[in-house]
Amino acid sequence: SVLSPPDDRFVNVLLVGSDSREGADPNDPDFGNVGGTGDVQGRRSDTLIVMNIERSSGIISLLSIPRDLWVEIGDSGGSDRINTAYRDGSAVVVRTVQRALGIPVHHYLEINFQGFKSLVDAVGGVTVCVEHPTRDRNTGLFIPVGCKNLDGVGALAWARSRYFEEKIDGSWRMDGTSDIGRGKRQRHFVALLMETAIERTLSNPFRAGTVLSGATDALLVDPTLDVVKFASLMRPAATGKLRRFALCTYG
């Protein structure tokens with residue numbers, strides 16, 4: 001296995017969101033923005049996040065890896081954008097991240113667009129708050145001022161947004177940071193998703209089965225990962241023990 005052996009101090013989990021449209025239905029409300037399997041060629045990782053769980057404190061840290069990061073791919077000796085590693089399979093993605101960041105990867109979790117929407121819906125939606133009206137005309141995102149509970153379709157529009165705009169002083173202003181800004185919003189959303197899932201299952205234990213079933217159906221996990229034990233490691237998320245980091249990069 002390319003996965004690192006267990007460590008008594010911490011667990012590193014590589015979260016991979018693929019741009020696979022597998023399972024997309026032309027009747028889906030966001031099909032016009034997302035597209036189907038015939039609209040996107042090749043396989044890429046749309047999102048790469050390393051989750052670190054410190055065993056002693058329970059603190060969870062999230063680190064985004066920009067998908068355009070230029071690295072050596074697997075053991076190929078050649079370099080490319082890191083999101084292209086996914087086309088050669090999960091083992092190559094793991095080796096690429098381990099080498100690029102110099103860290104162990106103990107577990108691997110993968111989810112595609114349809115799975116992401118299903119997981120958010122299983123949790124009951126995730127509430128996102130914005131200071132200004134927000135939109136992305138490419139993904140179909142629109143949130144007025146304040147807080148909105150996003151279902152799976154809305155959550156995917158938020159997570160995929162690279163042309164993020166805010167209406168400030170009467171005019172729409174584009175976030176010019178592209179994938180860097182998107183990574184920041186994705187880290188925030190993953191943190192909210194974990195907090196929401198834990199809070200709702202703790203307050204309503206009957207919902208735990210629905211959430212766990214939704215996660216099991218939506219996620220592709222490595223054979224060494226026990227989903228129930230992994231869920232128990234997530235419990236500190238409900239207390240706000242979450243830290244979010246960006247990878248320092250340069251053009």
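The backbone N or O of D136 sits nowhere less than 3.5 Å from a side-chain atom of S161 that would complete a donor-acceptor pair. Judged by distance alone, with hydrogens and angles left aside, the side-chain atoms of Q98 form a donor-acceptor pair with the main-chain N or O of V2 at under 3.5 Å. With T47 contributing its side chain and G17 its backbone, the two residues share no donor-acceptor pair below 3.5 Å. Using modelled atom types, one side-chain atom of N12 and one backbone atom of P104 make a donor-acceptor pair closer than 3.5 Å. Distance alone, capped at 3.5 Å, places no donor-acceptor pair between the H107 side chain and the V13 backbone.
Going from atom CG of L141 over to atom CZ of R160 covers 11.0 Å, rounded to the nearest 0.5 Å. I143 CD1 to C129 SG: the interatomic distance, rounded to the nearest 0.5 Å, is 9.0 Å. Annotation: the span from F245 atom CZ to L63 atom CG amounts to 8.5 Å, rounded to 0.5 Å. Here CZ of R135 is found 8.0 Å from NZ of K167. Values are rounded to the nearest 0.5 Å. Note that CH2 of W172 is 8.5 Å distant from CZ of R137, once rounded to the nearest 0.5 Å. Rounding to the nearest 0.5 Å places CD of E166 at 11.0 Å from OG of S171.
Among all heavy-atom pairs drawn from V71 and A100, the shortest one is CG1-CB, 3.8 Å. Looking at every heavy atom in both residues, E54 comes nearest to F10 through CA-CB, 4.3 Å. Listed here is the closest heavy atom pair of L150 and A155: CB-N, 3.8 Å. Scanning both residues, A157 and T139, for their nearest heavy atoms gives O-OG1, 3.0 Å. The nearest pair of heavy atoms linking P66 to T249 is CG-CG2, 3.9 Å. Closest heavy-atom contact between R173 and D169: NH2-OD2, 3.7 Å.
Using a 4.5 Å heavy-atom threshold, the side chains of H106 and D7 count as touching. The shortest distance between side-chain heavy atoms of V97 and V50 falls below 4.5 Å. With contacts defined as side-chain heavy-atom distances shorter than 4.5 Å, the pair E165/T134 does not qualify. Residues I53 and M234 form a side-chain contact, since some pair of their non-hydrogen atoms from C-beta on lies under 4.5 Å apart. Counting only heavy atoms from C-beta outward, the side chains of L109 and L220 never approach each other to under 4.5 Å. Two residues are said to be in side-chain contact when any heavy atoms from C-beta on lie closer than 4.5 Å; L3 and V105 meet this criterion. Contact of the V126 side chain with the M194 side chain is not registered, since no non-hydrogen atoms from C-beta on lie closer than 4.5 Å. Side-chain contact between V128 and L192 is present, with heavy atoms from C-beta onward closer than 4.5 Å.
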> Where do I60 and R244 land on the side chain to side chain contact (heavy atoms under 4.5 Å, CB included) test, with the steps shown first?
Replying inline: CA-CA 9 Å; I60 300 169; R244 305 193 300 272; over 6 Å; no
>> Using side chain to side chain contact (heavy atoms under 4.5 Å, CB included), reason through I49 and V190 one step at a time and then give a plain yes or no.
In response: CA-CA 9 Å; I49 295 176; V190 169; 3.9 Å; yes
> Where do R243 and I59 land on the side chain to side chain contact (heavy atoms under 4.5 Å, CB included) test, with the steps shown first?
Replying inline: CA-CA 8 Å; R243 302 184 297 192; I59 291 175; 3.4 Å; yes
>> Please determine whether salt bridge (charged side-chain N to carboxylate O under 4.0 Å, His left out) holds for the pair D75 and R95, giving the CA-CA distance in whole Å, both sets of side-chain angles, and the decisive distance to 0.1 Å.
In response: CA-CA 8 Å; D75 297 324; R95 281 200 298 269; 3.1 Å; yes
>> Could you walk me through whether R67 and R182 satisfy the side chain to side chain contact (heavy atoms under 4.5 Å, CB included) test, starting with their C-alpha distance in whole Å, then the side-chain angles of each, then the deciding distance to 0.1 Å, before giving a yes or no?
In response: CA-CA 10 Å; R67 66 181 189 175; R182 190 181 73 144; 3.4 Å; yes
>> Set out, in order, the CA-CA distance, both residues' side-chain angles and the distance that settles side chain to side chain donor-acceptor pair (under 3.5 Å) for S61 and N52, then state yes or no.
In response: CA-CA 5 Å; S61 301; N52 172 274; 4.6 Å; no
>> E72 vs T96, test: side chain to side chain donor-acceptor pair (under 3.5 Å). Steps then yes/no.
In response: CA-CA 7 Å; E72 181 180 337; T96 300; over 6 Å; no
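Between the side chains of E199 and T196, not a single donor N or O lies within less than 3.5 Å of an accepting N or O. T127 and N149 share a side-chain donor-acceptor pair at under 3.5 Å.
Checked against S64 for a side-chain hydrogen bond (donor to acceptor under 3.5 Å, both in side chains), the options R185, Q186, R187 give a single hit: R187. Screening V221, T224, V16 for a side chain to side chain contact (heavy atoms under 4.5 Å, CB included) involving Y108 leaves a single residue, V16. For the pairing with L48, the side chain to side chain contact (heavy atoms under 4.5 Å, CB included) check across L69, V93, L15, L247 returns one residue only, V93.
Of the charged side-chain nitrogens involved, at least one lies within less than 4.0 Å of a carboxylate oxygen, so that D68 and R162 count as a salt-bridged pair.
F142 and M174 fall into different hydrophobic clusters, where Ile, Leu, Val, Met, Phe, Trp and Tyr residues are linked whenever their side-chain heavy atoms come under 4.5 Å apart, directly or through other members.
Heavy atoms from other residues, nucleotides or ligands lying under 6.0 Å from OH of Y163 number 12 at most.
Classified by interplanar angle (parallel below 30°, tilted 30° to 60°, perpendicular above 60°), the ring pair F164/W158 is perpendicular.
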